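Here the structure comes first, spelled out in structure tokens, and everything after it is commentary.
Whatever order the structure lists ligands and atoms in, that order sets their numbers, starting from 1. As the structure is a prediction and not an experimental result, all values here were calculated from the model.
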Amino acid sequence: MAEFLEGLVISNLGKGLAVESKNKTILCQSRRNLEKIAVGDRVLWSQTGVDQGRVEKILPRRSLLARPNRNGKIRPVAANIDKVFVVFAIEPYCDFLLIDQYLAICENKTIDAELVFNKIDLGQNTDIENELLIYQSLNYPIHRVSTITQTGQEELRQALNQHISILTGQSGVGKSSLTNALIPNKDLKTKSISETTKHGRHTTTAATLYHLPDGGALIDSPGVAIFGLAELSEQQLAFGFREFQPLIEQCQFHNCRHLHDKGCAIYHAAETGKIAKSRYQRFLKLREKMPTKN
Ligand code: GDP
Ligand code: ZN
């Protein structure tokens with residue numbers, strides 16, 4: 001029987017998977033009937049040729065981020081992530097609704113979430129600062145950075161250290177600029193993946209795992225929206241607002257939808273200022289946007 005080796009999927013190249021194993025990168029095909037494999041997956045693979053192999057088994061995942069494809073089917077994109085960095089900036093104007101959506105998904109997947117306020121060289125904004133006080137009180141770490149002045153980059157590096165992370169946020173907030181700053185020689189590394197795996201052409205949109213100089217890894221998935229609301233139920237959305245969690249049990253009805261209901265502990269807490277009203281309002285907005293309200 002062929003020997004099974006352990007490997008780490010570092011990129012999905014279309015024609016196969018780039019699997020890192022024993023300091024080599026091997027182009028692997030997936031065994032038939034195996035469920036879809038994601039970047040960050042730990043796998044068992046067997047050799048089928050020189051620097052070529054077949055993934056036989058996916059090892060248990062710590063977490064999984066997915067996105068729906070064109071047919072609406074959920075497709076895994078990144079596995080085993082333990083930290084998500086939500087990037088935002090003054091410009092384009094900070095979309096807290098989107099931030100809360102990301103945070104709610106992370107909360108449900110038990111993935112740590114941290115906020116990255118990029119472009120702080122552009123100055124201060126009182127509205128944003130007031131909103132950030134809320135996140136601070138909810139124990140979300142906030143990193144203030146600039147890729148131009150390099151402010152805060154060392155602190156961000158330390159937060160990334162020893163973790164498998166991903167940056168997310170709306171287009172234009174500076175995710176690629178940050179990724180380039182955090183991963184030295186990123187382009188060279190990308191090129192070497194496509195060269196060592198010869199047949200697999202690395203496309204710029206392929207999600208790729210890059211090791212960080214001090215340990216840990218950053219999964220770069222340019223242009224890939226992997227935080228869809230489709231993955232959450234209405235109950236999960238409420239749970240995703242961490243300040244709601246101790247209140248959910250106190251609602252008068254166990255199937256409370258946390259709307260403007262009289263017996264709703266969350267509505268009451270928002271009305272009396274025990275929790276932030278702005279977050280509650282964004283919860284209501286996200287609830288309206290949910291594709292599958294049940
Ligand atoms: P992405 O779409 O999130 O990947 O954002 P990009 O990295 O492509 O950056 C979008 C724009 O913001 C580019 O024009 C960058 O030069 C600019 N940018 C990125 N980081 C900073 C920053 O720290 N300060 C300022 N002023 N501009 C930045
Ligand atoms: Zn309620």
Determine whether a donor-acceptor pair (N or O, by modelled atom type, separation under 3.5 Å) exists between the side chain of K109 and the backbone of L64.
yes

side-chain contact (heavy atoms from CB on, under 4.5 Å) partner of L44, chosen from E3, E6, R54:
E6

Please list, in number order, the atoms of ligand 1 under 4.0 Å from a heavy atom of N118.
20 (N), 21 (C), 23 (O)

Can you list the ligand 1 atoms lying under 4.0 Å from a non-hydrogen atom of I148?
22 (C), 23 (O), 24 (N), 25 (C), 26 (N), 27 (N)

Polar contacts were defined as any N/O atom of the residue lying under 3.5 Å from an N/O atom of the ligand; does this apply to L122 and ligand 1?
no

Where is the nearest protein heavy atom to atom 8 (O) of ligand 1: which residue, which atom, and how far?
S176 OG, 3.5 Å

Stepwise, does the salt bridge (Lys or Arg N to Asp or Glu O under 4.0 Å) test hold for D214 with R157?
CA-CA 9 Å; D214 301 328; R157 277 208 179 86; 5.9 Å; no

Would you mind listing every salt bridge (charged side-chain N to carboxylate O under 4.0 Å, His left out) that reaches into residues 115-128, with sequence neighbours excluded?
none

If you count the atoms of ligand 1 from 1 in the order shown, which ones are under 4.0 Å from a heavy atom of S171?
2 (O)

Any non-hydrogen protein atom below 4.0 Å of atom 26 (N) of ligand 1?
yes

Could you check whether any side-chain heavy atom of N139 comes within less than 4.5 Å of a side-chain heavy atom of R242, counting everything from C-beta outward?
yes

Among non-hydrogen protein atoms, atom 17 (C) of ligand 1 lies closest to K119 NZ, 3.9 Å

Pick out which of Y135, Y140, F88, F85 makes a ring-ring contact (aromatic ring centres under 6.0 Å, His included) with F117.
F88

Would you say V145 has any N or O atom under 3.5 Å from an N or O of ligand 1, going by distance alone?
no

Going by the atom numbers of ligand 1, which of them fall below 4.0 Å from some non-hydrogen atom of S146?
23 (O)

Would you mind running through ligand 1 and noting each atom that sits below 4.0 Å from a heavy atom of K175?
1 (P), 3 (O), 4 (O), 5 (O), 7 (O)

Nearest protein heavy atom with distance in Å, relative to atom 10 (C) of ligand 1:
G172 O, 3.4 Å

Assess the side chains of H258 and E234: does a donor N or O sit below 3.5 Å from an acceptor N or O?
no

Under 4.0 Å from one or more heavy atoms of V173, ligand 1 contributes atoms 3 (O), 5 (O)

May I ask you to identify the nearest protein heavy atom to atom 5 (O) of ligand 1, giving residue, atom name and distance to one decimal place in Å?
G174 N, 3.0 Å

among protein heavy atoms, the one nearest atom 23 (O) of ligand 1 is T147 N, 2.8 Å

I219 and its side-chain contact (heavy atoms from CB on, under 4.5 Å) partner, picked from V77, L167, T208, I81
I81

Keeping R31 on the side-chain end and E56 on the backbone end, is there a donor-acceptor pair under 3.5 Å?
yes

Quick test of your reading of the model: are E35 and K57 salt-bridged, counting only N-O distances below 4.0 Å?
no

In short, salt bridge (charged side-chain N to carboxylate O under 4.0 Å, His left out) pairs touching residues 168-183 with sequence neighbours left out are none

protein heavy-atom neighbour closest to atom 15 (C) of ligand 1 works out as S177 OG, 4.0 Å

Atoms of ligand 1 under 4.0 Å from any heavy atom of D121, numbered from 1 in the order shown, are 22 (C), 23 (O), 24 (N), 25 (C), 26 (N)

Angle in degrees, rounded to 10°, that ND1 of H258 and SG of C264 form at the Zn ion (ligand 2)
110°

